[in-house]
Structures are given as structure tokens and as C-alpha cells.
S.K.: 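So that we are looking at the same thing, I have put the structure below in C-alpha cells.
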Amino acid sequence: MNSYDVAIIGSGPGGYVAAIRCAQLGMKTAIIEKYATLGGTCLNVGCIPSKALLDSSHHYEDAVKHFEEHGIDIPGEIKVNLKQMIDRKQSVVDQTTGGIDFLMKKNNIDVYQGLGSFKDATHILIKGDKEEEIEAKNTIIATGSKPSSLPFINIDKERIITSTEALKLKEIPKHLIVIGGGVIGLELGQVYKRLGAEVSVVEYMDRIIPTMDSGLSKELNKVLKKQKFSINASHKVKSVERKGDEVIVKADNKKGEEVEFKGDYCLVSVGRRPYTDGLNAEAAGVKLNDRGQVEVNEHLQTSASNIYAIGDVVKGAMLAHKAEEEGVFVAEILAGQKPHIDYNLIPGVVYTWPEVASVGKTEEQLKDTGVDYKVGQFPMRALGRSRASMDLDGFVKILADKSTDEILGVHMIGARAADMIAEAVVAMEYRASAEDVSRMSHAHPTFTEAIKEAALAATDDRALHV
Ligand code: FAD
Ligand code: NAD
């Protein structure tokens, strides 16, 4: 039987990054993955394929709607070749997952393909083509998550689908009904909207992206309505039924009236659940909480002292970069170091266009905790860069402590907000004040000038270009 310093169950961004860091720190490392390709949800059916389709559909929309204004004439009709779009997405996925194979080899990490399940706290059975057993002094559970649903919905994977199926449809829906106006619903909803589908979003809460700053929800709602999305907030879905090629969704609106949506596809995107099926966690003494997450302490250590857990399967945001930070954190703990993660500084991004990005506290959180804060906001449309690229929607909002001027939260919606949020993370990591950021030179013309202007607005209400 092979013995390891550490075994990692699950090869998503949490697991494979943990494996690399463990190997870098000199540990003999194994990684176990039940699927044939490494990379987990993120690389196979999550972050990477969704962004590939968002990019392709964005190009199509630009070609149809904006090329003419830019002075680019395309003779003949511009058409979508959905099969090619999906094939390209798959080749992006294949290249990316292949890259993880390379990284495992480069770092001398042993890869086992099969379902890992605990025999006890130091032995793991791996059921793949053959059955094997390995011994591990320490184990990191990185088994991730799966789409969740509502009890009355039968996900048939043909017309009533999750994100996994939505990433490989064979036709463009005529009318896609999206249940859940969160990240997945809006990103994938926008892909098919751009390709010509009618899209109706049915959201239980009173606003889309309800966990983000309400200013962002409002602006995104406005922009999506301009793009002809039908957004139905405060709707409680009560049934989803398939009749042949038709899907009928019934919901009660705010007034308690029944509203019916008829479409040909329904994407269920109401969140994800931690995944521990087949892990046999109890055999190792690993406790789950009532939400099905692996319970961990502040060191991400489970109720079994030699077993740790990271990523979507534990509490916190279900984000790839959060899982990665936790992978590095546990590897360094195992090596006797004293790592630290500031969960307040893990940014959240929605890759719609305009993009939405956030870090730190929202206005709602500051109000709830009674923090005295000031706001500096700057509209993207006031920038030369925005006019040049015709990306006028959105704003940058900086929330700073009223007495110390320390930046407490940054919320932005606009072109390339996903990349711009990194500046806010750096500033907050170094506990910058709004004035610090306002005094830094930002290249002109760039979208990042909106950050400087919002910081000026927060400092002394002295933005220069409004
Ligand atoms: P996962 O990536 O879920 O990996 C877990 C792995 O463990 C899987 O490969 C699974 O097969 C394996 N496994 C489970 N049980 C066992 C077992 N018993 N034995 C062996 N293997 C096992 N996040 C972002 O930050 N940015 C994005 O843009 C983004 N886009 C997304 C788009 C979509 C459509 C979806 C669905 C998710 C997206 N996410 C995004 C979320 C992101 O994918 C997850 O937060 C991330 O993958 C979590 O990483 P993880 O390592 O915890 O788990
Ligand atoms: P989510 O939590 O972002 O959104 C789910 C939405 O469904 C919420 O707005 C919620 O209020 C709504 N909802 C819940 N129950 C409902 C009901 N009964 N009827 C109508 N609406 C209901 O979850 P998601 O979009 O499914 O994504 C799952 C996870 O994947 C998220 O945690 C997210 O962080 C991650 N993800 C991240 C990205 C990214 O970082 N860009 C992209 C995709 C997914």
C-alpha cells in the first residue's frame, strides 16, 4: 500500500492548488479525483467554460450590434454557429484541464482516478477501474459542490436543466426561464440572451444578485432591462412542469397572485450544495453540519485532527479563488507555518457585461453594524475610455470610514470591473484611505480612472470630471 504525508480528495481549484503547495513544501502528496479529468467544477463545468461562452457570445453581440457604428461593415448575415461555439469552449476546457495534469507531474504528485472514501482516519479506498487503498498521515477534503434544486423540481437535464447542461445545449432556447437571479442565472442567461433567446429571470428575493451591494443590483437590473431581459423579483416559484417541449413555471408574485411563465428551457440556478456523497466521512470521525458542509475550525481542521477541509464543501463563499486560498492555507499549516486568510478581502465578481465586482463591506452591512461611513461614487460614462469603447453603463462606489477615511468596501459595475477590483483588494490589504488612492496616478485613458475619481469623491467630494 502506498503511504503519503498528505492525500487530497477532489481536484478542483481547492484540491489541486493544495496539492501543488504541499508538494512545494516537501510533502509526499497524492490527489484523488473521481472524474477522468482534473480541475473540478471550476475548470470542467464552471468558471472556465462559462467564461468561454460569455466571451464568444459577447463577440457575436458586438458584431451584430456595434460593428456598424465602429465603421466595420460585414457583407451578408452574421450567424451563430452554436456547435462551433460549444466545441471551442470544450477545447478551452481540455487545454486547461490538461495543464493541471502537467502541473501534477511537474510537482511529483501521484494522481489516483476514482471515488475516494474513508476507511478510517488514515486510510482511503479508491474505487475507479480498479480498487486501491492508500495510507495518508493527513488528508484534505476538497470535494466541492453540486447544483442544488427545489424539492418539487425534477431536473430532467434536457429542458429543465442546471448550469452543467446549459454549458452544452444543442440549440439556442427560444425562451429560457431562469429560476434564481444570482451569478449563474445572470451569466448564463446573458449568454443565451445575446445569442437570441428571450430570457425571463424569476427571483425569490426582492432584487437580483441579492447578496451584493444594493446599488449594484439596481444598476445591473437597469442595464439588463435595457438588454430586454424580463426580470421578475419577489416571485416565489411553486411548480415547474414539462409538457413535451414546453416548460411551465408557476410562481406567486409579491401580491400573492399566480404568474405563469412558458418557455422551452428552464435553468435552475438557486445555489449549490456541498458534496460529500460516497466520502464515508463518518468512518474517519469527520462531522458534517446541518447544511451538509464539512465542519471546520479556524484552521480548517475537521473533527478528526489529521483531516482538513477546504473550498465549496466548507462554510463561506463558493468561489474558486477562495478555495485556492484555503488550499494554500492548509498546506502551510501542515508545514508548521502560520498562514492567514482575510475573508473580508475575497472579491466577488459577476461576469455579465457590464461586469460587477465587489470587495469588503456593502452599504447594507455597514448600516446594520452601525459604522459611520461616507460614499464616493463616480459614473463610468464620464470617462473618455468609456466613450471610446462605447461602454457607458455603471459606476465605481467607494465606502470609507467617516472619521479615519479607511476604505471599507468597493463596489463597481462597468467594463472590466472583474480586473479592476484587484486594485481595491490591494488598497484594502494595505489598509489604504480613500485619500491614498485618490493621490495615486492612474493611467489615462483607462477604466481605472473611475476608481481614482470615486476615491476623490469619497475624500472630499472633489471628483474632477463630474
Ligand atoms: P470543485 O471544483 O467542485 O471540485 C471538487 C472535485 O472533487 C470535483 O472534481 C469532484 O469530482 C471531486 N470529488 C468529489 N467527491 C469526491 C470523492 N469522494 N472522491 C474523488 N473525487 C471527488 N467561481 C469563481 O470564483 N469564479 C467564477 O467565474 C465561477 N464561475 C462558475 C460558473 C459555474 C457555471 C459554476 C457551476 C461555478 C462557478 N464558480 C466560479 C464556482 C467555482 O466553480 C467553485 O467555487 C469551485 O470550483 C470550488 O472549488 P473546490 O475545489 O472546492 O470544488
Ligand atoms: P447564487 O447564490 O449566486 O444565486 C442563487 C439565486 O437564487 C439567489 O439570488 C437566490 O435568492 C435565488 N433563489 C433561491 N431560492 C429561490 C427560489 N426558490 N426561487 C427563486 N429564486 C431563488 O447561486 P448560483 O447562481 O446558483 O451559483 C452557485 C454558486 O456558484 C454561487 O455561490 C456562486 O458564488 C458560484 N458561482 C460564482 C460565479 C462567479 O464567481 N462569477 C459564477 C457562477 C457561480
Side-chain angles (χ1 to χ4, degrees), residues 8-18 31-51 53-54 112-118 124-128 141-153 162-164 166-167 178-188 201-212 217 232-238 249 251 267-281 309-314 316-324 326-327 346-352 355-357 418:
I8 293 143
I9 309 181
S11 71
Y16 86 74
V17 166
I31 191 161
I32 304 160
E33 170 56 55
K34 71 174 187 164
Y35 289 125
T37 53
L38 302 178
T41 304
C42 177
L43 272 58
N44 289 282
V45 290
C47 326
I48 299 300
S50 59
K51 267 79 257 180
L53 290 183
L54 277 158
Y112 291 87
Q113 203 233 308
L115 181 83
S117 63
F118 285 106
I124 302 164
L125 286 171
I126 303 159
K127 289 178 208 143
I141 300 172
T143 50
S145 63
K146 290 275 176 210
S148 59
S149 182
L150 301 172
F152 50 83
I153 299 182
T162 69
S163 54
T164 304
L167 292 167
V178 174
I179 304 182
V183 208
I184 291 182
L186 298 181
E187 287 184 2
L188 294 177
V201 177
V202 188
E203 165 60 48
Y204 177 74
M205 302 294 278
D206 62 357
R207 58 185 173 100
I208 53 169
I209 48 168
T211 55
M212 295 185 96
S217 298
N232 306 274
S234 300
H235 277 60
K236 186 171 189 265
V237 174
K238 55 184 187 186
V249 174
L267 168 63
V268 180
S269 48
V270 293
R272 293 177 61 84
R273 65 172 177 91
Y275 184 74
T276 52
D277 299 6
L279 185 64
N280 203 18
I310 59 172
D312 281 11
V313 79
V314 301
M318 286 183 163
L319 294 173
H321 43 288
K322 178 257 194 188
E324 289 185 28
E326 291 184 336
I346 292 186
V349 174
V350 189
Y351 293 82
T352 45
E355 292 176 336
V356 185

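First listed ligand is number 1; within each ligand, the first listed atom is number 1.
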S.K.: Under 4.0 Å, counting heavy atoms only: does Ala317 come that close to any atom of ligand 2?
M.R.: no

S.K.: Short N/O distance, under 3.5 Å, between Tyr351 and ligand 1?
M.R.: no

S.K.: Does an N or O anywhere in Asp277 fall below 3.5 Å from an N or O of ligand 1?
M.R.: no

S.K.: Under a 4.0 angstrom heavy-atom cut-off, which atoms of ligand 1 come close to Met318?
M.R.: 41 (C), 45 (O)

S.K.: Is Leu188 close to ligand 1, meaning an N/O of one under 3.5 Å from an N/O of the other?
M.R.: no

S.K.: At what distance is the nearest protein heavy atom to atom 11 (O) of ligand 2, and which residue and atom is it?
M.R.: Glu203 OE2, 2.6 Å

S.K.: For Gly271, counting its heavy atoms only, list the atoms of ligand 2 lying under 4.0 Å from any of them.
M.R.: 5 (C), 23 (O), 24 (P), 26 (O)

S.K.: Around atom 13 (N) of ligand 2, find the nearest protein heavy atom and jot down its residue, atom name and distance.
M.R.: Val270 CG1, 4.0 Å

S.K.: Identify the closest protein heavy atom to atom 19 (N) of ligand 2: which residue and atom is it, and at what distance?
M.R.: Tyr204 CB, 3.7 Å

S.K.: Would you check the N or O atoms of Leu319, main chain and side chain alike, for any that come under 3.5 Å of an N or O of ligand 1?
M.R.: yes

S.K.: What protein heavy atom sits nearest atom 42 (C) of ligand 2, and how far off is it?
M.R.: Val183 CG1, 3.3 Å

S.K.: Going by heavy-atom distance to atom 39 (N) of ligand 1, choose the closest among Gly46, Cys47, Gly15.
M.R.: Cys47

S.K.: Using a 3.5 Å cut-off on N or O atoms only, is Ala323 in polar contact with ligand 1?
M.R.: no

S.K.: Report, in ascending order of atom number, the atoms of ligand 1 lying under 4.0 Å from any heavy atom of Lys51.
M.R.: 27 (C), 28 (O), 29 (C), 30 (N)

S.K.: Heavy-atom pairs closer than 4.0 Å: do any link ligand 1 to the side chain of Ser145, the backbone, both, or neither?
M.R.: backbone

S.K.: Any nitrogen or oxygen of Glu187 lying under 3.5 Å from a nitrogen or oxygen in ligand 1? Just yes or no.
M.R.: no

S.K.: Would you mind listing which atoms of ligand 2 come within a distance below 4.0 Å of any non-hydrogen atom of Ser269?
M.R.: 5 (C), 6 (C), 7 (O), 26 (O)

S.K.: Give yes if a backbone or side-chain nitrogen or oxygen of Ala320 is under 3.5 Å from a nitrogen or oxygen of ligand 1, and no if not.
M.R.: yes

S.K.: I'd like the name of whichever of Pro13, Gly316, Ala309, Gly116 reaches closest to atom 49 (O) of ligand 1 through any heavy atom.
M.R.: Pro13

S.K.: Does any N or O of ligand 1 fall below 3.5 Å from an N or O anywhere on Tyr275, backbone included?
M.R.: no

S.K.: With a 4.0 Å heavy-atom cut-off (strictly under), which part of Ile9 contacts ligand 1: side chain, backbone, both or neither?
M.R.: side chain

S.K.: Provide, to 0.1 Å, the distance between atom 4 (O) of ligand 2 and the closest protein heavy atom, together with that atom's residue and name.
M.R.: Gly182 CA, 3.3 Å

S.K.: In terms of atom number and element, which parts of ligand 2 are under 4.0 angstrom from non-hydrogen atoms of Val202?
M.R.: 20 (C), 21 (N)

S.K.: Should Arg272 be counted as touching ligand 1, given the test is an N or O pair under 3.5 Å?
M.R.: no

S.K.: Before accepting this row, confirm whether a basic side-chain N of the pair Glu326/Lys322 lies closer than 4.0 Å to the acidic partner's carboxylate O.
M.R.: yes

S.K.: State the atoms of ligand 2, each with its element, that fall below the 4.0 Å cut-off from a heavy-atom position in Val349.
M.R.: 39 (C), 40 (O), 41 (N)

S.K.: Any atoms of ligand 2 less than 4.0 Å from a non-hydrogen atom of Tyr351? List them with their elements.
M.R.: 41 (N)

S.K.: Would you mind telling me if ligand 1 is within reach of the side chain of Ile184, the backbone, both or neither, using heavy atoms under 4.0 Å?
M.R.: side chain

S.K.: Looking only at protein heavy atoms, which one is nearest to atom 44 (C) of ligand 2, and what is the separation?
M.R.: Ile184 CG1, 3.3 Å

S.K.: Can you pull out the closest protein heavy atom to atom 34 (O) of ligand 2? Residue, atom name and distance to 0.1 Å, please.
M.R.: Met318 O, 3.1 Å

